[in-house]
Amino acid sequence: METGSLKKHKTLLDRLHLHDPVLVRILCVAAVLRLGYLLFAALSSTEFYILPDTASYLAPAGSLFSSGQFLNAAGDFEIFRTPGYPLVLGVLLFLLKGGYYWGAVGLNIVCNLLSIILLYKLTACVSGSTRAGYIAAGIEAVNFLDISFCGKVLSDIFGQFLGLLGIYFFVRYLLPLDRPAARPALLSLVWGALCLSLGLWVRPAFLYLPLALGAGLVIVLLIKKRWKQIIPAFLITILIPLLPAAGWMVRNTQKAGYAGYATVSAVNLYEYNTAALFAEQMGTDYYTAQLMLSAGEDEGLQPYLDTMPRYEAMQARAVELIRSNPGTYLKYCLLGAGFALLFPGVYDILGSAAGVEQDINAVKDVYSSDGLLAAGKSLLSSPGTVGILLCYVLGMVVLAGLLGMAVFGAIKISPWPVKCLLLGVWAYFFLLSIQPIGFGGYPRYRMSFFPYLLVFAAVGLDAVIRRWIQRHQKAVAEKEESRTSQTKDTHSQIR
């Protein structure tokens, strides 16, 4: 009886697969790379982690720490950011007596290492191959974008982990559906919905994902004829994440007169997504148009400000710009899709080094005044930027190869409900990432959908490796058979 109970009981090490020597080596490489990058960045710049977005998290975090209220730097009720990540920073400020950086970075590294484990578990689970899991975990371990963001006080790494954890539980719920006698565990769905709820408090991008997942689950359960599961599954998926979000919207309406979840979506839509359209309208470039919009130099905004609150006016003006030229907006979205998939973002890594930020700004200035061709010549004029360009070429080749493997892997993954779930989640975050946001934003936006693309790519690469091994073994067997046949013929002739 003791032996049986021991077999059923899984320790934390078992659940994290930390008895697996290959996965442990991958995690060690990942940890060394992330700590090494921190050392490189710290030696290169004393304030490498201070970004514009960081301040917007620190202000409400400091307010929570000092007064227990969620206020911005001006002392008004904060509605630009959701409370999740500032709350984490507030706890760190309290525990570390006003400090926060190393606590935030430590949390980033731990969450990113856990994301690597989740990628291994998720990929191995949907493919039935531990090698595919190792491939996904290995690529994520050396993913330079994640490495760099582990050193930044931003919500991206934390949100990515919560999303992956939630989707992993959804996959665990869906896997038994192909076995008629098996009953899916609603507890897995509850855990998945709780993770999405936390993710939604950290990143507003999760807002519509529960609705998409709920609708998808209803369709799958109808096809599978799991009638008793439909209503509970739908309610769990919708209510657990969205009820707290609805409560936060009520708070925003009562405290600040904003009937929405977070004003960051309205600001991004107006100041970033429509900057390309505004640039064409004003006969200027994207970055100049973006600065004009953020500085309030758009005359078309004023009529809306006369009749509605500021953030609603920004959203209405953005919709007007998009509707006035939908073809151009679609063109920029398609361009954004290419950049989101294939733009390596080497500058996002090297931007921490002293002098690189100045080089980036200098290239932007040349691009703004003289165009893209002149900006390219400016890059080539410096030996350092030539190396960066070579990194870009290599990065684009790698990303293109992963995309090709992902298409192949999408064919291989089964069962189909799991495949549809992963494709749907990838498509959801991908569509959020293709908005016209300027070249520098695309690599960061890729972080939300890249793990799911990596699952497909790892499965595809594993299938290619397995096919190559089978062909090699077949060739060796045929060669051995031919040699044996020749030996027999020789013996026959001697006799």
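The model shown is predicted, which means the values in this text are computed figures rather than measured ones.
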Student: Taking atom types as modelled, is there a side-chain donor on D462 or Y134 under 3.5 Å from an acceptor on the other?
Tutor: no
Student: I'd like to know if the side chain of Y428 and the backbone of L209 have a donor-acceptor N/O pair within less than 3.5 Å.
Tutor: yes
Student: Strictly by salt bridge (charged side-chain N to carboxylate O under 4.0 Å, His left out), give each pair with a member in residues 313-340 just once, sequence neighbours left out.
Tutor: E280-K331, D298-R317, R317-E320
Student: Look up atom CZ in R466 and atom CG in L461, then write down how far apart they are to the nearest 0.5 Å.
Tutor: 11.0 Å
Student: If you measure from CG on L421 to CZ on F170, what distance do you get to the nearest 0.5 Å?
Tutor: 8.0 Å
Student: Measuring from Y311:OH to N252:CG, what's the distance to the nearest 0.5 Å?
Tutor: 11.0 Å
Student: Could you note down all residue pairs passing salt bridge (charged side-chain N to carboxylate O under 4.0 Å, His left out) where residues 397-412 supplies at least one of them, sequence neighbours left out?
Tutor: none
Student: Take atom CH2 in W248; do more than 12 heavy atoms of anything else shown fall under 6.0 Å from it?
Tutor: yes
Student: Which residues pass the side-chain hydrogen bond (donor to acceptor under 3.5 Å, both in side chains) test with N72, sequence neighbours left out?
Tutor: none
Student: With a 4.5 Å cut-off on side-chain heavy atoms, are L454 and T123 touching?
Tutor: no
Student: Can a side-chain donor-acceptor contact be found between E78 and Y57 if the only test is distance below 3.5 angstrom?
Tutor: no
Student: I'd like to know whether CD1 of I231 has more than 12 heavy-atom contacts from other residues, nucleotides or ligands below 6.0 angstrom.
Tutor: no
Student: To the closest 0.5 Å, what do you measure between CZ (F430) and OG (S448)?
Tutor: 10.5 Å
Student: Got more than 12 heavy atoms from elsewhere within 6.0 Å of CZ, R203?
Tutor: yes
Student: Got a sec, which residues hit salt bridge (charged side-chain N to carboxylate O under 4.0 Å, His left out) with R251, two or more places apart in sequence or on another chain?
Tutor: none
Student: Let me confirm one number: the NZ-CZ distance from K121 to R172, rounded to the nearest 0.5 Å.
Tutor: 7.0 Å
Student: Name all residues meeting the salt bridge (charged side-chain N to carboxylate O under 4.0 Å, His left out) criterion together with K224; count only those two or more places apart in sequence or in a different chain, and write none if there are none.
Tutor: D178
Student: L162 pairs by side-chain contact (heavy atoms from CB on, under 4.5 Å) with which of L194, I167, L200, V202?
Tutor: V202
Student: Can you tell if the side chain of L402 reaches within under 4.5 Å of the side chain of I139, non-hydrogen atoms only?
Tutor: yes
Student: Under the salt bridge (charged side-chain N to carboxylate O under 4.0 Å, His left out) rule, collect the residues that match up with D53, sequence neighbours excluded.
Tutor: R81, R444
Student: Mind running side-chain hydrogen bond (donor to acceptor under 3.5 Å, both in side chains) on T263 and Y258 for me, showing each step along the way?
Tutor: CA-CA 8 Å; T263 58; Y258 175 69; over 6 Å; no
